Amino acid sequence: MADPSSDACFKTIKSWISECNIQHPSCTSTADNHPLPTRLLCVNSFEKDVKLCFSSDISKNARFLALSHTWGDKAGRLKVMPLLLTNNLGARKERIDWDELTKTFQDAVLITRKLGLRYLWIDSLCIMQDSASDWAFEASRMASVYKSAYVVAAATASRNGDDGFFNPRSPSYDIAACIGHGELANVHVQRQICHRTIVERQMTTDTMPLLDRAWCFQERLLARRIIHFTEAEIMWECHEKLWCECKVIQNPSFHAKMPTTGNFKLSYASAMSAPDIDIRLKAWAMVVAEYSRRALTVPTDRLPAISGIAKDIALPEMGRYLAGIWECQLPQALLWEQRDGLLERQASLDARPSQYQAPTWSWASISSSALLASDRYDKLTCKLVKADCKLVSQDPYGQVTYGYVRLVGPATTVFLHRTDRLLKGVGCVYRTFRGRTESSEDLGLSIDRDIDLTADLIHSKILVFTNEEGPEPKARCWWSGLVLVPSVTHEACWERIGRVSGRDMEMLTCSEEHITIV
């Protein structure tokens, strides 16, 4: 396999781009509907140094490469990440010193030049990192940035800016082999390359740390075409095809053994080609399930880092976007379930952080994986009265500072008692009491936030969300609902702490209450 920085590798990349331009117009026409980013890096120079420029000063048809990379842990970086700040904007327009750039940024400049492009977009150098208003505005345009990029270069194998793109590869060998009837021939061999992480929907490996990151998951889905620089080879994803440098994926026999229909990007692109609300909602459920497993350096980016996909996936009939939940799915969408921890294996009972990310009724309020229901039900015992969110910026898909849902439905007061027994080493077991007498109900409790450990009995409430009718009598015995506790910040309001289900039919006959959850 050729060196990843060699002319041979870039000849392969250029052939992929050319073939995509001819065969897959859906991957090349997307940019026509999206403006250029506000700022770009101009790299069209024989000198190493680059400079910042404004898109208003260049041709609206200019092509640019966008970088997908992970900043990495600050403590683990050898070189300081160069940033665009309010006090160095003028200097950056004049010059950005080559030696100030990280290895990943330097390699991104080289890739841009080798592909014959003049402009490069890097988040840390094209968004003012100390301006909340500029950051919020540019974050709201993230979908446009990655959709309008001529191509996205992903430093998939890099842990941080020190690693760069061009990782040393395992050596290959020429050996003499018997090919039959005693005949010898020279055979070129190398270590077998695994393609499963890109091809299939599965958790990433240590060799592709970029795929662990939440922001990069969004960038991967939104890019019309993306080049992955992995540890072993270069790989290609667009709306319609997957290719690899070793050509295994292009082989028809590979598709028979490992169909590419499970690839995130291909599945998402297929859903986006159909303006059908049910297909879009199923795609959103898939996106949230995978996105919510991935890590964020800044926890409050939970909603901003998926805002581009939300904007992309939205249809008018889906209604408003409320802190990660579509209005057309309320109130049943509040019955999301917490799953295990992040890809970093951080499984914790106290999944909701102290710093506000979203209202407690939203899956975005927790820092672990969440599973949404993509179905819509018309008959529920619980009804939505009103819902709203307060946004940080003008972006309806961005960060929120407050949100509430007002519901009416069967509700009852219960008391939760935490036992000392651990469940598989993660979390705790809670027993339910009604009227301070231990309930005989077999309740399935899923707690997504730890509560007062000093209290013997925790005052809470169960609000029942259940189908009023089922396909058969037995199905109507089951009910599901939310476990709520009084809000400590808003008077006469409640907060979600988990989901519950059971078969006690008395729960369906509880008195109706109007409840506001924040």
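Side-chain atoms are counted along with the backbone in the values below, which use heavy atoms only and exclude waters and symmetry mates. Computed from a prediction, not measured in an experiment: that's the story for all the values here.
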So, taking the atom named CZ in F229 and the one named CG in N167, what distance separates them when rounded to the nearest 0.5 Å?
10.5 Å
Walk me through it: do D49 and R95 pass the test salt bridge (Lys or Arg N to Asp or Glu O under 4.0 Å)?
CA-CA 7 Å; D49 299 341; R95 177 189 179 194; 2.6 Å; yes
Ignoring hydrogens and geometry, is there a side-chain-to-backbone donor-acceptor pair from Q399 to L391 under 3.5 Å?
no
Over 12 foreign heavy atoms within 6.0 Å of CZ, R113:
yes
Give a yes or no answer on whether the side chain of D276 reaches the backbone of I279 with a donor-acceptor pair at less than 3.5 Å.
yes
Would you please say whether a donor-acceptor pair under 3.5 Å links the side chains of T297 and R213?
yes
Say whether S133 and S131, considering side chains only, have a donor N or O and an acceptor N or O under 3.5 Å apart.
yes
Do the side-chain N and O atoms of W71 and N160 include a donor-acceptor pair separated by under 3.5 angstrom?
no
Mind checking the CE-CH2 spacing from M318 to W284? Nearest 0.5 Å is all I need.
8.0 Å
How about NZ on K311, more than 12 heavy atoms from neighbouring residues, nucleotides or ligands closer than 6.0 Å, or not?
no
Any carboxylate oxygen within less than 4.0 angstrom of a Lys/Arg side-chain nitrogen, looking at D97 and K48?
no
Supply the atom-to-atom distance Y402 OH to D388 CG, rounded to the nearest 0.5 angstrom.
9.0 Å
From NZ (K93) to NZ (K51), nearest 0.5 Å
10.0 Å
Verify, without hydrogens or angle tests, whether Q218 (side chain) and I309 (backbone) share a donor-acceptor contact under 3.5 angstrom.
yes
Do T38 and R141 get their side chains close enough for a donor-acceptor pair, meaning under 3.5 Å?
yes
Shortest non-hydrogen contact from F165 toward D107
N-OD2, 2.9 Å
Pair Q357, T300: side-chain N/O donor-acceptor within cut-off below 3.5 Å
no
Is there a donor-acceptor pair under 3.5 Å between the side chain of Q23 and the backbone N or O of N21?
no
So does P304 get a backbone contact from the side chain of S307, meaning a donor-acceptor N/O pair under 3.5 Å?
yes
Please indicate whether R77 has more than 12 foreign heavy atoms, meaning atoms of other residues, nucleotides or ligands, lying under 6.0 Å from its CZ.
yes
Taking the six-membered ring of W363 as reference, does the cationic atom of R302 (NZ for Lys, CZ for Arg) lie under 6.0 Å from its centre and within 45° of its axis?
no
Any donor-acceptor N or O pair under 3.5 Å, side chains Q394, S140
no
Between R39 (side chain only) and C126 (backbone N and O only), is there a donor and an acceptor less than 3.5 Å apart?
yes
Classify the ring geometry of W243 against H24: parallel below 30°, tilted from 30° to 60°, perpendicular beyond 60°.
tilted
Looking at SG of C20 and NZ of K241, how far apart are the two atoms once the value is rounded to the nearest 0.5 Å?
11.0 Å
The side chain to side chain contact (heavy atoms under 4.5 Å, CB included) partner of Y321 among L303, I313, D395 is L303
Under the criterion salt bridge (Lys or Arg N to Asp or Glu O under 4.0 Å), I'd like the reasoning laid out for E100 against R92: C-alpha separation, chi angles, the key distance, then a yes or no.
CA-CA 11 Å; E100 187 182 354; R92 296 291 195 208; 2.9 Å; yes
Side chains of N263 and Y268, donor plus acceptor under 3.5 Å:
no
